[in-house]
Amino acid sequence: MTVQLCDTADEAVAGIEDGSTVLVGGFGMAGMPVALIDALIRQGATDLTVVSNNAGNGDTGLAALLAKGRVRKVVCSFPRQSDSYVFDELYLAGKVELEVVPQGNLAERIRAAGAGIGAFFCPTGAGTLLAEGKETRVIDGRTHVLEYPIKGDVALIGAYRSDRMGNLVYRKTARNFGPVMATAATTVIAQVRDLVDTGGIDPENVVTPSVYVDRVVQEASA
(Lines give C-alpha, C1' and ligand atoms only; values in the text may rest on other atoms or scores of the structure.)
Protein backbone atom coordinates (compact mmCIF):
# COMPACT_ATOMS: atom_id res chain seq x y z
CA MET A 1 0.00 0.00 0.00
CA THR A 2 1.31 3.43 -0.94
CA VAL A 3 0.39 6.42 1.20
CA GLN A 4 -1.29 9.34 -0.55
CA LEU A 5 0.56 12.61 0.07
CA CYS A 6 -2.10 15.28 -0.14
CA ASP A 7 -1.48 18.91 -1.06
CA THR A 8 -4.34 20.21 1.09
CA ALA A 9 -6.46 19.12 4.02
CA ASP A 10 -9.52 19.32 1.75
CA GLU A 11 -7.98 16.71 -0.53
CA ALA A 12 -7.14 14.56 2.49
CA VAL A 13 -10.74 14.34 3.76
CA ALA A 14 -12.39 13.89 0.38
CA GLY A 15 -14.85 11.01 0.26
CA ILE A 16 -15.77 10.82 3.94
CA GLU A 17 -19.39 9.72 3.85
CA ASP A 18 -22.46 10.77 5.79
CA GLY A 19 -23.04 8.52 8.80
CA SER A 20 -19.36 7.67 9.23
CA THR A 21 -17.78 6.88 12.58
CA VAL A 22 -14.80 9.22 12.85
CA LEU A 23 -12.03 8.65 15.39
CA VAL A 24 -10.42 11.98 16.25
CA GLY A 25 -7.04 11.99 17.98
CA GLY A 26 -5.80 14.46 20.53
CA PHE A 27 -5.63 14.96 24.26
CA GLY A 28 -7.64 18.12 24.68
CA MET A 29 -6.11 20.33 22.02
CA ALA A 30 -2.72 18.56 22.14
CA GLY A 31 -2.47 16.61 18.90
CA MET A 32 -5.92 17.67 17.75
CA PRO A 33 -5.95 17.61 13.90
CA VAL A 34 -7.69 20.97 13.61
CA ALA A 35 -6.87 21.48 9.92
CA LEU A 36 -8.47 18.14 9.06
CA ILE A 37 -11.56 18.93 11.13
CA ASP A 38 -11.93 22.32 9.44
CA ALA A 39 -11.64 20.59 6.08
CA LEU A 40 -14.29 18.07 7.13
CA ILE A 41 -16.60 20.97 7.93
CA ARG A 42 -16.07 22.34 4.42
CA GLN A 43 -16.47 18.86 2.95
CA GLY A 44 -19.98 18.61 4.33
CA ALA A 45 -20.28 15.06 5.72
CA THR A 46 -23.05 14.87 8.31
CA ASP A 47 -24.79 12.48 10.73
CA LEU A 48 -21.34 11.59 12.08
CA THR A 49 -20.42 9.61 15.17
CA VAL A 50 -17.29 11.20 16.64
CA VAL A 51 -15.04 9.25 18.99
CA SER A 52 -12.52 11.36 20.88
CA ASN A 53 -11.10 12.05 24.32
CA ASN A 54 -13.40 15.02 24.84
CA ALA A 55 -16.27 16.86 23.14
CA GLY A 56 -14.51 19.99 21.97
CA ASN A 57 -12.93 23.13 23.38
CA GLY A 58 -14.05 26.69 22.75
CA ASP A 59 -15.11 27.35 19.17
CA THR A 60 -12.46 25.44 17.24
CA GLY A 61 -11.78 21.86 16.23
CA LEU A 62 -14.47 19.44 17.36
CA ALA A 63 -16.52 22.28 18.83
CA ALA A 64 -16.74 23.90 15.39
CA LEU A 65 -17.85 20.61 13.82
CA LEU A 66 -20.51 20.21 16.50
CA ALA A 67 -21.67 23.79 16.06
CA LYS A 68 -22.35 23.10 12.38
CA GLY A 69 -24.79 20.34 13.32
CA ARG A 70 -22.78 17.62 11.61
CA VAL A 71 -22.46 15.27 14.59
CA ARG A 72 -25.20 12.84 15.63
CA LYS A 73 -23.35 11.18 18.49
CA VAL A 74 -20.25 11.78 20.60
CA VAL A 75 -18.35 8.94 22.27
CA CYS A 76 -15.82 10.36 24.72
CA SER A 77 -14.40 10.37 28.24
CA PHE A 78 -14.66 14.05 29.17
CA PRO A 79 -17.70 15.70 27.58
CA ARG A 80 -17.83 18.68 29.94
CA GLN A 81 -15.04 21.17 30.59
CA SER A 82 -14.84 24.85 31.40
CA ASP A 83 -14.96 25.73 27.69
CA SER A 84 -17.21 22.96 26.33
CA TYR A 85 -20.18 25.31 25.94
CA VAL A 86 -20.92 24.25 22.35
CA PHE A 87 -21.39 20.62 23.31
CA ASP A 88 -23.20 21.54 26.54
CA GLU A 89 -25.83 23.57 24.68
CA LEU A 90 -26.39 20.93 22.01
CA TYR A 91 -26.66 18.10 24.53
CA LEU A 92 -29.06 19.95 26.82
CA ALA A 93 -31.21 20.75 23.77
CA GLY A 94 -31.29 17.07 22.80
CA LYS A 95 -29.47 17.70 19.53
CA VAL A 96 -26.58 15.30 20.07
CA GLU A 97 -26.28 11.87 21.68
CA LEU A 98 -23.58 11.05 24.19
CA GLU A 99 -21.86 7.84 25.23
CA VAL A 100 -19.45 8.34 28.13
CA VAL A 101 -16.57 5.86 28.23
CA PRO A 102 -13.88 5.91 30.96
CA GLN A 103 -10.62 7.04 29.43
CA GLY A 104 -8.75 3.77 29.87
CA ASN A 105 -11.70 1.83 28.50
CA LEU A 106 -11.89 4.17 25.52
CA ALA A 107 -8.24 3.63 24.63
CA GLU A 108 -8.54 -0.13 25.15
CA ARG A 109 -11.75 -0.47 23.12
CA ILE A 110 -10.08 1.31 20.24
CA ARG A 111 -6.92 -0.77 20.64
CA ALA A 112 -9.04 -3.94 20.69
CA ALA A 113 -10.53 -3.02 17.33
CA GLY A 114 -7.05 -2.65 15.87
CA ALA A 115 -5.85 -5.89 17.44
CA GLY A 116 -8.81 -7.94 16.26
CA ILE A 117 -10.07 -8.67 19.78
CA GLY A 118 -13.79 -9.48 19.80
CA ALA A 119 -14.49 -8.17 23.32
CA PHE A 120 -12.87 -8.00 26.74
CA PHE A 121 -13.80 -7.83 30.41
CA CYS A 122 -12.71 -4.80 32.44
CA PRO A 123 -13.49 -3.82 36.06
CA THR A 124 -13.72 -0.09 35.32
CA GLY A 125 -17.31 1.11 35.53
CA ALA A 126 -18.63 -1.98 37.32
CA GLY A 127 -21.47 -1.11 39.67
CA THR A 128 -22.10 2.28 38.06
CA LEU A 129 -24.57 3.63 35.50
CA LEU A 130 -21.94 3.01 32.82
CA ALA A 131 -22.40 -0.75 33.29
CA GLU A 132 -26.19 -0.78 32.99
CA GLY A 133 -27.40 -3.31 30.43
CA LYS A 134 -23.94 -4.83 29.95
CA GLU A 135 -22.85 -8.37 30.68
CA THR A 136 -20.78 -8.77 33.84
CA ARG A 137 -18.63 -11.54 35.21
CA VAL A 138 -16.78 -12.02 38.49
CA ILE A 139 -13.09 -12.63 37.76
CA ASP A 140 -10.65 -13.21 40.61
CA GLY A 141 -13.27 -11.99 43.06
CA ARG A 142 -13.93 -8.71 41.26
CA THR A 143 -16.84 -7.76 39.00
CA HIS A 144 -15.85 -7.05 35.40
CA VAL A 145 -17.91 -5.54 32.59
CA LEU A 146 -17.90 -6.83 29.02
CA GLU A 147 -16.73 -4.13 26.61
CA TYR A 148 -16.73 -4.21 22.82
CA PRO A 149 -14.23 -2.70 20.37
CA ILE A 150 -14.73 0.72 18.80
CA LYS A 151 -13.83 0.70 15.12
CA GLY A 152 -13.82 3.77 12.90
CA ASP A 153 -14.60 4.27 9.26
CA VAL A 154 -12.09 7.10 9.37
CA ALA A 155 -9.39 8.23 11.81
CA LEU A 156 -8.20 11.84 11.81
CA ILE A 157 -4.95 12.08 13.74
CA GLY A 158 -2.34 14.73 14.38
CA ALA A 159 1.32 13.68 14.31
CA TYR A 160 4.56 15.57 14.69
CA ARG A 161 6.40 14.19 11.68
CA SER A 162 5.94 11.85 8.74
CA ASP A 163 8.24 10.58 6.04
CA ARG A 164 7.04 10.12 2.47
CA MET A 165 6.08 6.54 3.18
CA GLY A 166 3.69 7.62 5.96
CA ASN A 167 5.67 6.49 9.00
CA LEU A 168 4.63 8.70 11.91
CA VAL A 169 6.12 10.03 15.13
CA TYR A 170 4.26 12.08 17.74
CA ARG A 171 5.16 14.70 20.28
CA LYS A 172 4.48 14.18 23.99
CA THR A 173 0.77 14.01 24.93
CA ALA A 174 -0.24 14.22 21.26
CA ARG A 175 0.67 10.52 21.28
CA ASN A 176 -2.20 9.71 23.65
CA PHE A 177 -4.82 8.37 21.20
CA GLY A 178 -3.25 8.74 17.74
CA PRO A 179 -1.37 5.42 17.64
CA VAL A 180 -4.30 3.22 18.67
CA MET A 181 -6.74 5.09 16.43
CA ALA A 182 -4.42 4.56 13.49
CA THR A 183 -4.84 0.78 13.90
CA ALA A 184 -8.61 0.85 14.28
CA ALA A 185 -10.00 2.66 11.23
CA THR A 186 -10.57 1.71 7.62
CA THR A 187 -9.09 4.99 6.38
CA VAL A 188 -6.39 6.78 8.40
CA ILE A 189 -5.62 10.41 7.63
CA ALA A 190 -2.70 12.14 9.35
CA GLN A 191 -2.04 15.84 9.68
CA VAL A 192 1.67 16.41 10.34
CA ARG A 193 3.85 19.38 11.15
CA ASP A 194 6.94 18.12 9.34
CA LEU A 195 7.22 16.01 6.20
CA VAL A 196 10.67 14.54 5.60
CA ASP A 197 12.19 12.30 2.97
CA THR A 198 12.04 8.56 3.39
CA GLY A 199 14.91 7.61 5.68
CA GLY A 200 14.63 10.91 7.55
CA ILE A 201 13.08 9.16 10.57
CA ASP A 202 15.10 6.61 12.52
CA PRO A 203 13.11 3.34 12.24
CA GLU A 204 13.57 2.88 16.00
CA ASN A 205 11.57 6.07 16.56
CA VAL A 206 8.58 5.24 14.37
CA VAL A 207 5.41 4.97 16.45
CA THR A 208 2.80 4.38 13.73
CA PRO A 209 4.18 2.37 10.81
CA SER A 210 3.15 3.41 7.32
CA VAL A 211 1.14 0.22 6.81
CA TYR A 212 -1.62 1.80 8.92
CA VAL A 213 -1.65 5.19 7.18
CA ASP A 214 -3.61 6.04 4.02
CA ARG A 215 -3.23 9.79 3.59
CA VAL A 216 -0.83 12.43 4.91
CA VAL A 217 -1.09 16.19 4.68
CA GLN A 218 1.45 18.69 6.01
CA GLU A 219 0.11 21.60 8.02
CA ALA A 220 0.24 24.88 6.18
CA SER A 221 2.96 27.20 7.45
CA ALA A 222 1.75 30.18 9.46
Side-chain angles (χ1 to χ4, degrees), residues 9-10 12-110 113 124-125 128-134 145 147-158 173-174 176-178 180-181 184-185 187 189 191 217 219-220 222:
D10 295 271
V13 303
I16 296 178
E17 299 179 351
D18 293 351
S20 294
T21 295
V22 183
L23 313 180
V24 180
F27 189 64
M29 292 303 292
M32 180 70 65
V34 175
L36 292 176
I37 297 170
D38 289 346
L40 183 58
I41 293 171
R42 294 190 293 270
Q43 190 257 11
T46 191
D47 195 36
L48 302 172
T49 295
V50 168
V51 181
S52 192
N53 183 58
N54 67 354
N57 301 85
D59 300 303
T60 60
L62 282 181
L65 184 66
L66 284 159
K68 291 293 185 180
R70 304 285 177 75
V71 179
R72 177 184 64 83
K73 181 179 179 179
V74 173
V75 181
C76 72
S77 298
F78 297 97
R80 298 200 67 194
Q81 299 167 89
S82 61
D83 59 352
S84 62
Y85 44 82
V86 172
F87 171 80
D88 293 353
E89 291 175 4
L90 290 171
Y91 181 73
L92 291 173
K95 295 181 178 180
V96 65
E97 297 177 38
L98 171 65
E99 179 182 347
V100 176
V101 182
Q103 190 176 66
N105 285 16
L106 183 64
E108 186 64 8
R109 288 177 66 184
I110 296 168
T124 306
T128 73
L129 292 175
L130 298 180
E132 284 192 355
K134 296 182 178 181
V145 181
E147 300 285 0
Y148 289 92
I150 297 174
K151 179 175 174 56
D153 298 299
V154 180
L156 305 181
I157 59 178
T173 52
N176 196 287
F177 280 97
V180 291
M181 288 182 172
T187 300
I189 307 170
Q191 167 190 321
V217 63
E219 298 175 24

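Please read all numbers here as calculations on a predicted model, not as lab measurements. Index from 1, following the sequence.
Side-chain contact between D10 and Q43 is absent, with no heavy-atom pair separated by less than 4.5 Å. By the 4.5 Å heavy-atom criterion applied to side chains, N54 and S84 are not counted as neighbours. Taking 4.5 Å as the limit, some side-chain heavy atom of M32 sits within range of a side-chain heavy atom of I37. K151 places none of its side-chain heavy atoms less than 4.5 Å from the side chain of T21. Within the 4.5 Å cutoff, the side chain of F87 has heavy atoms near those of the L98 side chain. Considering only heavy atoms from C-beta on, N53 comes within 4.5 Å of Q103 through its side chain. Under the 4.5 Å side-chain criterion, counting only non-hydrogen atoms from C-beta, N105 is not in contact with L130. Counting heavy atoms from C-beta outward, K95 and E89 have side chains that stay 4.5 Å or more apart.
Note that the CD1 atom of I16 and the CG atom of L40 stand 5.0 Å from one another [nearest 0.5 Å]. In this structure, CG in L48 is found 7.0 Å from CG in D18, a value given to the nearest 0.5 Å. The distance from the CD1 atom of I150 to the CD atom of E99 is 6.0 Å, given to the nearest 0.5 Å.
When atom types are taken as modelled, the side chain of R70 and the backbone of I41 share a donor-acceptor pair closer than 3.5 angstrom. In this structure a side-chain-to-backbone donor-acceptor pair under 3.5 Å is missing from R72 to T49. Although no hydrogens or angles enter the test, the distance criterion places no donor-acceptor pair under 3.5 Å between the side chain of S20 and the main chain of D153.
For the pair L90 and L66, the tightest heavy-atom approach, listed with the atom from each and the gap, is CD1-O, 3.3 Å. Closest heavy-atom contact between P79 and A55: O-CB, 3.7 Å. Minimum heavy-atom separation, I110 to L23: CG2-CD1, 4.4 Å. Of all heavy-atom pairs spanning M181 and G25, the tightest one is SD-N, 3.5 Å. Nearest heavy atoms, G31 versus A174: CA-CB, 3.5 Å. Residues A131 and V145 come closest through the heavy atom pair CB-CG2, 3.8 Å.
Within a 6.0 Å radius of OH in Y91, no more than 12 heavy atoms belonging to other residues, nucleotides or ligands are found. Residue K134 places its NZ atom among more than 12 non-hydrogen atoms of other residues, nucleotides or ligands, all under 6.0 Å distant. Remark: E17 CD is loosely packed, at most 12 non-hydrogen atoms of other residues, nucleotides or ligands lying under 6.0 Å away.
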Would you sort out whether V154 and V13 count as a side chain to side chain contact (heavy atoms under 4.5 Å, CB included), showing the intermediate values? CA-CA 9 Å; V154 180; V13 303; over 6 Å; no
